[in-house]
Amino acid sequence: MSHQTAVDHGFDPLLAEEIEDRKWTWKSRPGYKPMFFIIAALAFTFAVMMPPTQGMLDMVKTENPSGYKLPQGAKTITDTVNKKLRSEAFNAEQSPKAKVSDEGGHNKIRPLLTPYQVAQMAKLTVCILFLAAFLWGTEALPLGATDILVGVMLYLFAILPINDISKAYMTDAVFFIFGILAVAVGVAKTGLDKRIGLILLSRIKSAKAFAFIFLPMLSLSAGFLSEHALVALLIPVLMGVYKVTCKMYGVKKDRALAIFLLLGVCFAANHGGPGSPAAGGRNAIMVGYLADYGMPITFLEWMKTGIPFVPVMSWVIGLYMYLRLKPQFKVKNVDPGKVVRDEVKNMPKFRGREAAMAVILVLLVAAWVLIGEHAGLGGPTLYAVMAMFLFKILNWEDIQNGVAFDVVGLYAAACAMGVALKFTGGALWLASSFVSFLPDFLTKGDGLVIGVSLLTGTMTNFMSDGATVAALGPIVLPMATLANVSVWKVGLITSFSSSFANFLVVGTPNNAICFGMGKDPETGERLLDVMDFVKYGLPVTILAWLVLWFWAVLGYWKFISW
């Protein structure tokens, strides 16, 4: 029945749909799960009303706390918070003349925050972290709404000034994720993704070869090249492979195949991090900490401890994903090489906009490698986006339709949470609390190394890997000295475990890129949901810990002279 016919018969389906949308309903659907939201709100309200723990109070009053970088003029976390949020009162406290002037009534200065208030602020930050993680995981609110909620909560509770919240939402990593999603749109629009796929996947002829040959090769490459760039280049190619494979077997949708391809690449790239110091900023941070500690490590020495872990772990990831998902395939098999070769045959000659896109992409990768340390990853990526506009490869409608802005916002909110946790001492409290819960056997010898890996691997899923290593390094390295354990062992295990960000979308840009770009090329339907990372990523993280402990710490590390 057409819309006009329906109206003629006294029934307007559009009006009925609008009335239905206006009804207050408790029925759950993605982006609207009222019961989950009410549970989260009640739990958050209860946590806010509770007083901060004694540990938090002691932490914010301790002078020069290990693991927290104090600004000049501050002796405690309370001083640090007051210096930023109550700068006039803090300066007046430091300067007797300024204090007298204030007492004369000429200036109305807000009083200094007490240690109790600062501890309460640290507690609130931790509560916001778990609230956001719960809402992202359950999709009780749309992802974009939760992204905004984080900033609203940080401002509402006066944890950070509005300008600091804005800066936290606009970090280099956020610009990189936006830019790389836009670049991926250009790569797919010009068809360059199929040619790249031919180079990378032409000899991969089955799901088994993908799991046991391609994924280990990808992990090893991610130890030396930008893992984020590799993921961003591969996802559009694999989405093309997914769609063509479904059409070959007459299948409309095969989520098991999509998850196998998308998360397989994502997890393999994540675990390339231990391969070398060049794998990411987290490794560079640890290299700096070890040098400051008087135990500098060379590029070769790092590789000697990390490279043997990477192919074994990636093979385990391939085995896990193959055994768990291959039986659920609706298609009989997937042959990436054949699909890519057949697609390329039907493509026009390599020229025009596709050639321009290739030049932009090559220059972008070169910029990441050559000037990434100074210019960051986001700056060169935005240059590439601007170049695509200038060469008419993209228009703004392509950006609007192709870039998952809620995913960009999700990682921006995670960055803001990391800044707030570090500033208030919430990150330090989480780390210290975790350490205090470790049994005695995990605080001595190799047990300490295992305990630190548990701590780091857990925290890196809630904060960026770089922020996790930055927060934990000053805490765990002194623990190594006290426990008579090699500082290298503890430092490296911290950096290695920061690669295990598998079970939350916010854990690493790889996850955010995979989630944002994992869409059906024709319908635009998202092929992954947030809980897929928990469902498949949590077992992968557990496997990563087991491989790290039994293959590295209790295995070949025994034959390395520390």
Side-chain angles (χ1 to χ4, degrees), residues 213 215-230 268-317 365-374 377 445-446 448-450 452-453 456-457 460 465-466 468-470 472-474 476-481 484-501 508 510 544-545 547-562:
I213 298 175
L215 293 186
M217 289 171 56
L218 173 62
S219 282
L220 287 169
S221 300
F224 301 91
L225 305 173
S226 169
E227 61 196 62
H228 313 322
L230 291 171
N270 285 351
H271 294 82
S276 81
R282 60 192 182 276
N283 292 358
I285 291 169
M286 183 50 67
V287 168
Y289 278 151
L290 290 173
D292 293 342
Y293 212 75
M295 296 288 292
I297 187 169
T298 66
F299 200 97
L300 184 61
E301 287 166 332
W302 183 298
M303 285 180 57
K304 187 168 62 176
T305 60
I307 276 290
F309 167 82
V310 175
V312 173
M313 184 60 222
S314 57
W315 190 86
V316 169
I317 291 171
V365 174
W368 285 335
V369 174
L370 298 175
I371 64 172
E373 184 178 349
H374 306 287
L377 295 174
D446 286 337
L448 172 63
V449 180
I450 292 172
V452 169
S453 73
T456 310
T460 194
D465 46 29
T468 300
V469 173
L472 291 180
V476 299
L477 294 183
M479 290 170 60
T481 303
N484 198 27
V485 178
S486 168
V487 173
W488 276 9
K489 270 190 179 183
V490 173
L492 290 172
I493 207 77
T494 302
S495 194
F496 289 8
S497 302
S498 70
S499 297
F500 300 171
T508 173
N510 287 349
W545 274 321
V547 172
L548 187 63
W549 300 339
F550 291 103
W551 168 236
V553 178
L554 303 177
Y556 68 89
W557 279 17
K558 293 290 186 183
F559 302 99
I560 296 175
S561 57
W562 295 95

Visitor: Mind checking the CG-OG1 spacing from Leu300 to Thr305? Nearest 0.5 Å is all I need.
Guide: 10.0 Å

Visitor: Would you name the heavy atoms of Ser497 and Thr456 that are closest together and state the gap between them?
Guide: CB-CB, 3.8 Å

Visitor: Taking all heavy atoms of Asn283 and all of Gly273, pick out the closest pair and write down the distance.
Guide: ND2-O, 2.9 Å

Visitor: Taking the side chain as everything from C-beta on, heavy atoms only, tell me whether Trp551 gets closer than 4.5 Å to Val316.
Guide: no

Visitor: Please report the interatomic distance NZ(Lys304) to CD1(Ile560), rounded to the nearest 0.5 Å.
Guide: 6.0 Å

Visitor: Would you say Ser453 and Trp549 make side-chain contact, with heavy atoms under 4.5 Å?
Guide: yes

Visitor: Starting at CG of Leu492, measure out to CD1 of Ile297 and round the result to the nearest 0.5 Å.
Guide: 4.5 Å

Visitor: How close do Phe500 and Thr460 get, heavy atom to heavy atom, and via which atoms?
Guide: C-CG2, 4.0 Å

Visitor: What's the separation between atom CZ in Arg282 and atom OG1 in Thr494, rounded to the nearest 0.5 Å?
Guide: 12.5 Å

Visitor: Considering non-hydrogen atoms only, spot the tightest contact between Ser314 and Ser219 and give its length.
Guide: CB-OG, 3.2 Å

Visitor: Kindly compute the distance separating NZ (Lys558) from CG (Leu554), expressed to the nearest 0.5 Å.
Guide: 6.0 Å

Visitor: Any side-chain to backbone donor/acceptor pair from Trp488 onto Trp302? Under 3.5 Å, distance only.
Guide: no

Visitor: Do the non-hydrogen side-chain atoms of Asp446 and Lys489 ever get within less than 4.5 Å of each other?
Guide: yes

Visitor: Please check if atom CH2 in Trp315 has more than 12 non-hydrogen atoms from other residues, nucleotides or ligands closer than 6.0 Å.
Guide: no

Visitor: Work out which heavy atom in Pro296 is nearest to a heavy atom in Glu301; give both atom names and the distance.
Guide: O-OE1, 4.4 Å

Visitor: Considering all heavy atoms of both residues, which atom of Phe309 and which atom of Ala544 are nearest to each other, and what is their separation?
Guide: CE1-O, 4.2 Å

Visitor: I'd like to know if the side chain of Ser498 reaches the main chain of Ser495, judged simply by a donor and an acceptor atom lying under 3.5 Å from each other, with no hydrogens or angles considered.
Guide: yes

Visitor: To the nearest 0.5 Å, what is the distance between CG on Leu477 and CE on Met295?
Guide: 10.0 Å

